[in-house]
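The structure under discussion appears below in the form of structure tokens.
Because the structure is predicted, anything quoted here is derived from the model rather than measured. Note on naming: letters A, B, ... go to the chains in the order of the sequence lines (proteins, then strands), and numbering restarts at 1 for each one.
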2 protein chains.
Amino acid sequence: MATIHDVARAAGVSIATVSRALNGGARVNEATRRKVLETAHALDFRPNHAARGLATGRLGNVGVLLPEVANPFYGPILASIAQVAQQRGFGVFLADSREEAAAEPELATRLSLQVDGLILVASRMSDEDVTVVARRRPTVLVNRLVDGVDGVAVDAAQGMADLLAQVALLGHRRVCYVDGPAASRSGAAKRAGITRAAERHGVELRVEPSQSPTFVSGRAVAQRVLDSGCTAVIAFDDLLAWGVLTRVRELGVDVPGELSVAGFDDSLQDGMVTPGLTTVAARNGEMGAVAAAMLERRLGDQSLSPATEVLRCNVIVRGSTGPAA
Amino acid sequence: MATIHDVARAAGVSIATVSRALNGGARVNEATRRKVLETAHALDFRPNHAARGLATGRLGNVGVLLPEVANPFYGPILASIAQVAQQRGFGVFLADSREEAAAEPELATRLSLQVDGLILVASRMSDEDVTVVARRRPTVLVNRLVDGVDGVAVDAAQGMADLLAQVALLGHRRVCYVDGPAASRSGAAKRAGITRAAERHGVELRVEPSQSPTFVSGRAVAQRVLDSGCTAVIAFDDLLAWGVLTRVRELGVDVPGELSVAGFDDSLQDGMVTPGLTTVAARNGEMGAVAAAMLERRLGDQSLSPATEVLRCNVIVRGSTGPAA
DNA sequence: ATGAAAGCGCTAACAA
DNA sequence: TTGTTAGCGCTTTCAT
């Protein structure tokens, strides 16, 4: 692969001139520049990233650390980060913590060696560890906010509150909430949001734990939901809601006639469930794009004060919810 | 961040000794090595990747290029590649072509500057372009085979053939195949496999095109499937099959009593569809792991002759298929 | 067993 | 406007 020296020789100039012609564009004779660009192109010259990184301290890469690449919840986030980054000429470094919180600090450190900035998605690290990481490299948090660090998050509490309000509006006075993983931070927000809203609307809220935020777990808790005597059930996420919905219908329960069902995330494709699942749209792809943009902003100016963006969630009403019996 | 010089100074040795102690381990006094390791650890020394890359030519990274990160089909592949790579101490570089074939060569080139080896997942590049990329850096192909280049693929033709055989065994003589995207290479393999198998088993095969391999498209072609008078339908993938299944049931058709339905990929979670969808398991996660292992092998010895691994698919029979009416 | 020194390819002063 | 040169942090001969 051609080096800057090859280009310089072929163009009959010094390597410094090649460097200038290729980069900033400052003070280079127009004719020379054209000549250099031409030969560089002819030789298919590609600047060596490692060398440039060494010389400038800028690597031209961003790192993304997330809990689980294969999780459909994080896929869109990663995808839109990658899209924005690529478009801006940044490379994307990936690390997957496989849901192991303990592995995160080490992975983040390894990442930070090769990137200019980090995006931590749904990080399980302690606030302290996050701060340590953020001090080393410009960092943007996704779906997790820590004081003094840039971050984007979805306002899950607000989403859940709005969803409960919507259900209350339909006349439901006893609502069951199928909870997600205890460790989940967004889970805490959702529970807080729905609890507060239930109080405000005078709704009796019954919280039902679940094994995991999956379709199968949803099926498993369906019976307990029915036994609770609630007229509506809201789940931590769509998968759970879907499981509940499927199971209760198997048991002959009419949805939404006898039981209203709602989820969170809007992760089910149109038509996948009948009736359509009322849910809350979390706009994950957008979060990724915003995160990438925030990181770029910070890479441009480290002295900016930390920014936080909270994306509103929108309740999407479909056929799985209806008036209380 | 501490450099090798800091460690050398603190340990009272030269940087060369530090380098030796930290790496190969060749010719270093045991006491010195211990001392160096100790101070390196105390200073939390992390070798600078860019510098090491410059000096050795080895970057310690692998690059993954795939058509669409958010696609649940590729997620598991990427996840297992990342897992194997991380475990071996490699970093993972990601590029997403967003299904744009034309963008691939450039992305691959950009990737190759920062990695020791590449994994191209379901690449849409021409054989020539793939070969060019592979000549520049050790490369492993996933779900796409090219002569002279390492690769892992799922034997989709065999999978489809086995699936059709299974359906034929149930007595179906007229089968409808809902095709996927025309450009898809695996689509060509599937069509070839099912066509050959149909001939062999004396089954009349009717091919029905679809807009895209999605649930919605499946719903859209359902009516045409019914009109075809076939007693069984096999779809390019599970999403399509699911769409068909859902729609025909809405239309009052009994599955599998009046129509047997089967898909491909085993991408639906247990219980998501009723009855369970008969399908073919493509073992994507495994493909990723195999690809990563192959790449590591090749990074170890470039002179090895190209290897190709074809993973068998297994038909999984569930409730959506049954004896012909 | 250890150290000195020459690069790896590039950028960024500083000179000219 | 252009060239010379000193590193960036590390590995790796070659001496010692």
Side-chain angles (χ1 to χ4, degrees), chain A residues 1-40 43-61 89 91 109-110 112-116 136-137, chain B residues 1-40 43-61 89 91 109-110 112-116 136-137:
Chain A
M1 174 135 287
T3 77
I4 198 173
H5 288 99
D6 301 325
V7 179
R9 199 174 319 118
V13 298
S14 78
I15 60 165
T17 301
V18 174
S19 177
R20 272 181 229 123
L22 259 37
N23 299 322
R27 268 165 296 173
V28 199
N29 182 297
E30 192 47 39
T32 328
R33 133 167 309 116
R34 213 191 312 279
K35 172 83 177 148
V36 169
L37 259 37
E38 218 164 71
T39 52
L43 268 48
D44 192 27
F45 167 73
R46 307 282 180 152
N48 179 316
H49 268 231
R52 179 186 299 211
L54 239 200
T56 62
R58 270 169 285 115
L59 286 319
N61 296 138
T109 303
R110 269 154 67 167
S112 66
L113 263 23
Q114 317 212 53
V115 303
D116 298 322
R136 199 159 37 202
R137 289 263 185 272
Chain B
M1 174 134 288
T3 76
I4 198 174
H5 288 100
D6 301 326
V7 179
R9 200 174 317 119
V13 298
S14 76
I15 59 166
T17 301
V18 175
S19 177
R20 276 185 293 246
L22 259 35
N23 299 320
R27 266 166 298 178
V28 199
N29 183 297
E30 192 47 39
T32 327
R33 130 164 314 116
R34 215 190 310 278
K35 173 82 176 148
V36 169
L37 258 38
E38 218 165 71
T39 51
L43 266 48
D44 192 27
F45 167 72
R46 307 281 181 152
N48 179 316
H49 268 232
R52 178 183 298 206
L54 238 201
T56 61
R58 268 170 285 113
L59 287 318
N61 296 140
T109 304
R110 268 153 67 167
S112 67
L113 294 165
Q114 318 211 55
V115 303
D116 298 322
R136 199 160 36 204
R137 289 262 186 272

Can you check whether [X] has a side-chain N or O nearer than 4.0 Å to OP1 or OP2 of [N]?
{"X": "A:N23", "N": "C:dT11", "result": "yes"}
{"X": "A:T32", "N": "D:dT2", "result": "yes"}
{"X": "B:T17", "N": "C:dG3", "result": "yes"}

Atom [atom1] of [X] and atom [atom2] of [N]: how far apart are they, to the nearest Å?
{"X": "B:I15", "N": "D:dG9", "atom1": "CD1", "atom2": "P", "result": "11 Å"}
{"X": "B:D116", "N": "C:dC8", "atom1": "CG", "atom2": "P", "result": "19 Å"}
{"X": "A:L113", "N": "D:dC8", "atom1": "CG", "atom2": "C1'", "result": "15 Å"}
{"X": "A:D6", "N": "C:dG9", "atom1": "CG", "atom2": "P", "result": "9 Å"}
{"X": "A:N48", "N": "D:dC8", "atom1": "CG", "atom2": "C1'", "result": "13 Å"}
{"X": "B:Q114", "N": "C:dG9", "atom1": "CD", "atom2": "P", "result": "16 Å"}
{"X": "A:K35", "N": "D:dT1", "atom1": "NZ", "atom2": "P", "result": "19 Å"}
{"X": "A:I4", "N": "D:dG3", "atom1": "CD1", "atom2": "P", "result": "12 Å"}

Residue met sooner reading DNA chain C from 5', once A:H49 and B:V13 are mapped to nucleotides: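 In this pair, the answer is B:V13.
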Can you tell me how far [atom2] of [Y] sits from [atom1] of [X], rounded to the nearest 0.5 angstrom?
{"X": "B:I15", "Y": "B:D6", "atom1": "CD1", "atom2": "CG", "answer": "11.5 Å"}
{"X": "B:R34", "Y": "B:E38", "atom1": "CZ", "atom2": "CD", "answer": "8.5 Å"}
{"X": "A:S14", "Y": "A:H5", "atom1": "OG", "atom2": "NE2", "answer": "9.5 Å"}
{"X": "A:R137", "Y": "A:S112", "atom1": "CZ", "atom2": "OG", "answer": "5.5 Å"}

Base D:dG3 paired with A:R20 side chain (donor-acceptor, <3.5 Å):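 Counting by modelled atom types and ignoring angles, a donor-acceptor contact under 3.5 Å is found here.
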Neighbours of DNA chain D within residues 51-59 of chain A, by heavy-atom distance under 4.0 Å: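 Here the set is A:L54, A:A55.
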Residue pair B:L113 / A:M1: nearest heavy atoms and the distance that separates them: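 Reported closest heavy-atom pair: CD2-SD, 3.8 Å.
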Closest approach of B:A11 to B:K35 (non-hydrogen atoms, all atoms of both residues):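 Smallest interatomic distance, heavy atoms only, reads O-CE, 3.9 Å.
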Student check: side-chain heavy atoms of A:R52 and A:N23 closer than 4.5 Å: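 Heavy-atom side-chain distance check passes, below 4.5 Å.
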Closest nucleotide among C:dC10, D:dG3, C:dG3 to the B:S14 side chain: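 Of the candidates, C:dG3 comes closest.
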CZ (B:R46) with more than 12 external heavy atoms under 6.0 Å: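 Yes, enclosed.
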Step-by-step side-chain contact (heavy atoms from CB on, under 4.5 Å) determination, B:V115 to B:L59: CA-CA 6 Å; B:V115 303; B:L59 287 318; 5.7 Å; no
Closest-nucleotide 5' rank along DNA chain D - winner of A:E30 and B:F45: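 Comparing both residues, the 5'-ward one is A:E30.
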Difference in axis direction between the ends of the helix from C:dA1-D:dT16 to C:dA16-D:dT1, five pairs, 10°: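 The end axes of the helix from C:dA1-D:dT16 to C:dA16-D:dT1 are about 40° apart, to the nearest 10°.
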For A:V18, all residues meeting side-chain contact (heavy atoms from CB on, under 4.5 Å), sequence neighbours excluded: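 Partners of A:V18 by the side-chain contact (heavy atoms from CB on, under 4.5 Å) criterion, ordered by chain and then number, come out as A:I4, A:V7, A:A8, A:V13, A:L22, A:V36.
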